[in-house]
Amino acid sequence: MPEKPYDHNQIELKWLARWQNADFFKAEDLTSRPKYYLLEMLPYPSGTLHVGHIRNYTIGDTLARYKWMRGFNVLHPMGWDAFGLPAENAAIANRRHPREWTLANIAYMKQQHRRYGFSYDWHREVSTCEPEYYRWNQWFFLKMLERGLAYRAKALVNWCSKCGTVLANEQVVNGGCWRHEDTPVEQRELEQWFLRITAYADELLNGIDKLEGGWPERVLTMQRNWIGRSEGTDVDFRLAGTGEPIRVFTTRVDTIFGATCMILAPEHPLVARLVREEDRAKVKRMIDDRARRDPGDLVKEGLPTGHYALNPYSGEQIPIWVGNFVLMGYGSGAIMAVPAHDDRDFEFCSRYGIPIRPVIRPVEGELAAEGALESAFVDDGVCERSGEFSGLPSAEARRRMTAKAEKEGFGKGSVTYRIRDWGISRQRYWGTPIPVVHCPGCGVVPVAENELPVLLPLDIQITGTARSPLEHVPEFVHARCPKCGGGARRETDTMDTFIDSSWYFYRYCDAHNDKAPFDSAKIAYWFPIDQYIGGVEHAILHLIYSRFFTRVMRDLGLIANDEPATRLFTQGMVIKDGVKMSKSKNNVVSADEAAERYGSDTARLFVLFAAPPEKDVDWQDAGVEGMIRFLGRVYRFVTRNAAARGGSGAADARILRKLHQTIRKVTEDFDSRWHFNTSLAAVMEFVNHLYAAEAELSSSAMQEVLEKLVLLLGPFAPYVAEEMWEELGRTGPVFKQSWPEFDPELAREELAEVVVQINGKLRGRIHLPFGTPKEELERAALADEKVQPLLAGKQVIRAITVPDRLVNFVVK
RNA sequence: GCCCGGGUGGCGAAAUCGGCAGACGCAAAGGACUUAAAAUCCUUUGGUGGGCAACCACCGUGUGGGUUCGACCCCCACCCCGGGCACCA
């Protein structure tokens, strides 16, 4: 049969049409077949996919197809993270409704997904901006409210006085408003909703140990640091004069005799009272300034209040300052400054001439003289000048000093976390309405469960002014109080979109349930996720929130698993010309362009072949050409040999061995580290061998080789594999065939190649049967014609032999 | 500043357990086919030196040390690149 040219467009469009309405990738709930839940992070529907997205989904799709071929019941869903600020910005810029804009983007991107042959079960598609989805956000919120996991508190927000609106953090550019860069952002205090993630801080931290091995180490490290557990001591100093307590948290209570001042965060509640009238403006400036600046280039500044605090251990009076580097959100918002033993305090106190008093000496060394330190001594050591605690090692002093505080009631041992409660209020339109009303009589009242969803009104003008766009919609704002039936004002804040993505993967298991977020039995079947794939940029927020939601849902009795996913894979980016693809750099390669020019099979192959999936890859057109060349090479070979009469058969054994070695290599890559670049290299190498042996293969060997080759390529290049499968006269989609097994006997080389070294340098190779005993190996190595002359006149001191691999002679 | 990654040909990379450095692909050069070109197929391709040649010798995985019969791989110090965190008391 004559070969056919590889026309990728014709092939891909043919199968695209055939697959359009097929239900190929439907996952079955609750079967006895082994399940495999494979998930890629759902995208924000920004408008169009580029080849960076394609890489992410190709990694997942290739694995999904392999698992199908391995007989798994694969759940491979896709959805849309469809709420969010860009839709609102687009509305302001183009006068297009966020919903309309979002839905159009989704429709377009879905076609792009199909064009690439991604094997999603579209029956389970989830779009987070639909009431069918977000009503369950509201439901979870109510459950958390009932359990005290949702609460209101005052918090600072970014405010632009020109827009008259709240700014999201990403709308703050260099300390100014994104639309009015000359207008500095101010900090305003607003009542906001929070979720009590800190209640789970310890559990989230301890759970990390169990993810070890399944999640990348650096993600786990980032999460540990983010939670930031510190053990220390709360100590109440007393305000001189009134005696009222001022609490500080310290991990180094052993240094407390060296405290030479106390510093309050500018937002600390006492500051308003203690600071002199004429300094109020300075404090306000400190607060705004900190919000605007990179924390890196903030210079430590302070302001004395003129008041004093009493150290409960020494009775000493120390001055109280306000300092811009003290954080209100951590500990109690007040610190004791021990400049001799803390770098930050050292810097601050040096600047303002506050005494620096060493009270810890190195274990082997002298206590530094007062004022003699060049920098803080921050290590543990031995306490000195510390009253009854002098002479104690730091750790012991901490224990005894904490015990004393507890006994005398001025403090206690304490654990503090860096992680804060999750502020979920957004003064935005395009998000999930928070389901509560504000009643003048009853206060904050939750909407009844059977009243959900609180629908986001669609008739709205988005102008970018006012506290929140929803405030302009009277029929939304005017509500009845569920408790007393009187008039009430509906909450106009919407939820952070991280809520949407914190539990969407549960919804995939039961996407159309209108009675509950999902059926728990289905979750029990599918969960936990076997493999989650996404960008490392979500290592902290999305993945911690998801772990938090999972635990809340477990405690609500809805699910049994503690963690959402047993394995996580973070893939690298696709870059172009050495930099990240972005619209502003004008170097974006669109998914459409790649598919039209090269075909989606080729694009898929390139992103897998260019580097292992965890590394960044540079999109290079020349490299892509190489992949289309390879597919053409395979395609022509298969088509011209599909019905060939067959040759001598002289190469049969050799090629079949190579075939089984190739199957082994590809299978091992799938089952271990997903280095598809080496899998594909092995297949290419095999094809190179086929070209060399084409005339020497018997017809039966050829048939077997062609069939297995097509199956091997199936997960990587689904279109051309399907076409070739048909050319071979076979029916049924490739991904429903069994993955080829390799036979270790057939894959084995006849003879082992044993390397001969002299003093570690390669000098020759000998070929011997596998399992040749050591002595014989050495005898053969000595007899080798290349080795022999080099050993003449030398004395062999030792021979190191690795069976079937190597002999190394150590000579003098 | 701290914590992770990483540094291998002209380029992307491979070497999975301390045992043949550079598989596979790109680019480049040469050849075959063609009126010609494209496409395709074949060959060569880490560096230096030598040989008409098959080939031979030496050097070579960021730098400098170390461990080892043997190091891209392990240890110590340093340089460079990328990422994350960054006043968390």
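Just so it is clear, the values below take in all heavy atoms, side chains as well, and ignore hydrogens, waters and symmetry mates.
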With a 4.0 Å limit, can you tell me whether A/Arg636 has a side-chain N or O closer than that to the phosphate oxygens OP1/OP2 of B/rA39?
no

Nearest to the side chain of A/Ala622, heavy atoms from C-beta on, is which of B/rC24, B/rA27, B/rC69?
B/rA27

Any side-chain N or O of A/Lys761 below 4.0 angstrom from OP1/OP2 of B/rC59?
yes

Is it true that A/Glu212 and A/Arg224 make a salt bridge, defined as a side-chain N closer than 4.0 Å to a carboxylate O?
yes

Charged N to carboxylate O under 4.0 angstrom, A/Arg398 versus A/Asp380?
yes

When the nearest nucleotide of RNA chain B is assigned to A/Ile800 and to A/Ala334 on a heavy-atom basis, which residue is associated with the more 5' position?
A/Ile800

Of A/Ile540 and A/Ala682, the one whose nearest nucleotide on RNA chain B sits closer to the 5' end is A/Ala682

Watson-Crick or G-U wobble partner of B/rU40, both distances under 3.5 Å
B/rA32

G-U wobble or Watson-Crick pairing nucleotide for B/rC85 (cut-off 3.5 Å, both distances)
B/rG1

I'd like to know if the side chain of A/Ser394 and the backbone of A/Gly381 have a donor-acceptor N/O pair within less than 3.5 Å.
yes

Nearest-nucleotide pick for A/Lys300, side chain only, options being B/rG19, B/rC87, B/rC11:
B/rC87

Is A/Pro5 touching bases, backbone alone, or none of the nucleic acid, heavy atoms closer than 4.0 Å?
nothing

Of the candidates B/rC24, B/rC20, B/rA89, the side chain of A/Leu762 sits closest to B/rC20

Could you pull out every donor-acceptor pair under 3.5 Å between side chains of residues 215-222 of chain A and any protein atom, sequence neighbours left out?
| from | atom 1 | to | atom 2 | distance (Å) |
| --- | --- | --- | --- | --- |
| A/Trp215 | NE1 | A/Ala565 | O | 3.0 |
| A/Thr221 | OG1 | A/Glu217 | O | 2.9 |

Opposite nucleotide pairing with B/rG25, Watson-Crick or G-U, both atom distances under 3.5 Å
B/rC11

Nucleotide of B/rG12, B/rC4, B/rC69 approaching A/Arg218 most closely (side-chain heavy atoms)
B/rC4

Cation-pi check for A/Phe325 against A/Lys300: NZ or CZ below 6.0 Å from the six-membered ring centre and within 45 degrees of the axis, yes or no?
yes

Which of these nucleotides, B/rC42, B/rA15, B/rG12, is closest to any side-chain atom of A/Arg633?
B/rC42

By the Watson-Crick or G-U definition, both distances under 3.5 Å, B/rA57 is matched with B/rU48

Under 3.5 Å donor-acceptor pair, A/Glu753 side-chain atoms to B/rC20 base atoms:
yes

Under 4.0 Å, counting only non-hydrogen atoms across every strand here, what does A/Met336 touch: a base, just sugar-phosphate, or nothing?
nothing

Does a nitrogen or oxygen in the side chain of A/Asn324 sit under 4.0 Å from OP1 or OP2 of B/rC87?
no

Please report the distance, rounded to the nearest Å, between CD in A/Glu668 and C1' in B/rA23.
16 Å

Nearest to the A/His675 side chain among B/rC87, B/rA23, B/rA14, which nucleotide is it?
B/rA14

Paired with B/rC73: which nucleotide, if any, by Watson-Crick or G-U wobble criteria at under 3.5 Å for both distances?
none

